[in-house]
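Presented below is the structure to which this report refers.
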Amino acid sequence: MSPEFQRAVTALIAAIPRGKVLTYGRVAELAGYPRHARHVGRLLGTAPQGALPWHRVVGACGRIARPGTESADWQRALLEAEGVTLQARGTVDLARHLWHPEAGQQVGRTPASA
DNA sequence: CAATTGACGCGGT
DNA sequence: TACCGCGCCAATT
């Protein structure tokens, strides 16, 4: 995993607005590394906790990762605290809170040659 | 060097 | 709707 990947992903997640969320796959894709959804998860797992709003990253269908763990419960609490409407199953309503990054806000792979 | 795992994702049964 | 399997890409053992 190149440090660039980590930089792009962490920066991207850190850029997620409050009350919005992104899916692992989306983060990887926006960071410039499609199919690297798992690596995003791995990165968050290895990344220092409290360093970035990892709670704004959810599964493909708005599902919270590792259900049953304290982390999952904590994540839900954080999301609700941000005003994120959770569906009955405890999943995030992506239709309402999926972050739609605007062009120019791309954090990963900064076009230095632009 | 080969096998297994992992904060994932999608399709099939 | 719930459960199972396969694909992905790197890291670890």
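Computed over heavy atoms, backbone and side chain alike; hydrogens, waters and symmetry mates excluded. Residue numbers begin at 1 in each chain, while the letters A, B, ... track the order of the sequences.
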What is the distance, to the nearest angstrom, from the [atom1] atom on [X] to the [atom2] atom on [N]?
X     : N      : atom1 : atom2 : value
A/R38 : C/dC8  : CZ    : P     : 11 Å
A/R63 : C/dA2  : CZ    : P     : 11 Å
A/E4  : C/dA10 : CD    : C1'   : 17 Å
A/F5  : C/dC8  : CZ    : C1'   : 12 Å
A/M1  : C/dA10 : CE    : C1'   : 7 Å
A/Y33 : C/dA10 : OH    : P     : 10 Å

Nearest 0.5 Å, what's the [atom1]-[atom2] distance between [X] and [Y]?
X     : Y     : atom1 : atom2 : result
A/L22 : A/L12 : CG    : CG    : 6.0 Å
A/Q87 : A/R96 : CD    : CZ    : 9.5 Å
A/I13 : A/H55 : CD1   : NE2   : 11.0 Å

Legend entry - Option passing side chain to side chain contact (heavy atoms under 4.5 Å, CB included) with A/V57 (candidates A/I64, A/L44, A/L52, A/V21):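 Only one of A/I64, A/L44, A/L52, A/V21 forms a side chain to side chain contact (heavy atoms under 4.5 Å, CB included) with A/V57, namely A/L44.
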
Inset, instruction - Could you tell me from which nucleotide to which nucleotide of DNA chain B, 5' to 3', there is an atom under 4.0 Å from chain A heavy atoms? - result: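 In short, chain A contacts DNA chain B from B/dG6 to B/dC10.
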
Legend entry - With sequence neighbours excluded, residues passing side chain to side chain contact (heavy atoms under 4.5 Å, CB included) with A/Q6: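 In terms of side chain to side chain contact (heavy atoms under 4.5 Å, CB included), with neighbours along the sequence ignored, A/Q6 is linked to A/L43.
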
Give [X] one of three labels, base, sugar-phosphate or nothing, depending on what nucleic acid heavy atoms sit under 4.0 Å from its own.
X     : answer
A/H36 : sugar-phosphate
A/R66 : sugar-phosphate
A/G45 : base

Legend entry - Ring geometry between A/H39 and A/F5 (parallel below 30°, tilted from 30 to 60°, perpendicular above 60°):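 A/F5 vs A/H39 ring planes: perpendicular.
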
Inset, instruction - Assign each of A/R35 and A/R42 to its nearest nucleotide of DNA chain C by heavy atoms, then name whichever residue's nucleotide is nearer the 5' end. - result: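 It is A/R35, whose closest nucleotide lies nearer the 5' terminus.
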
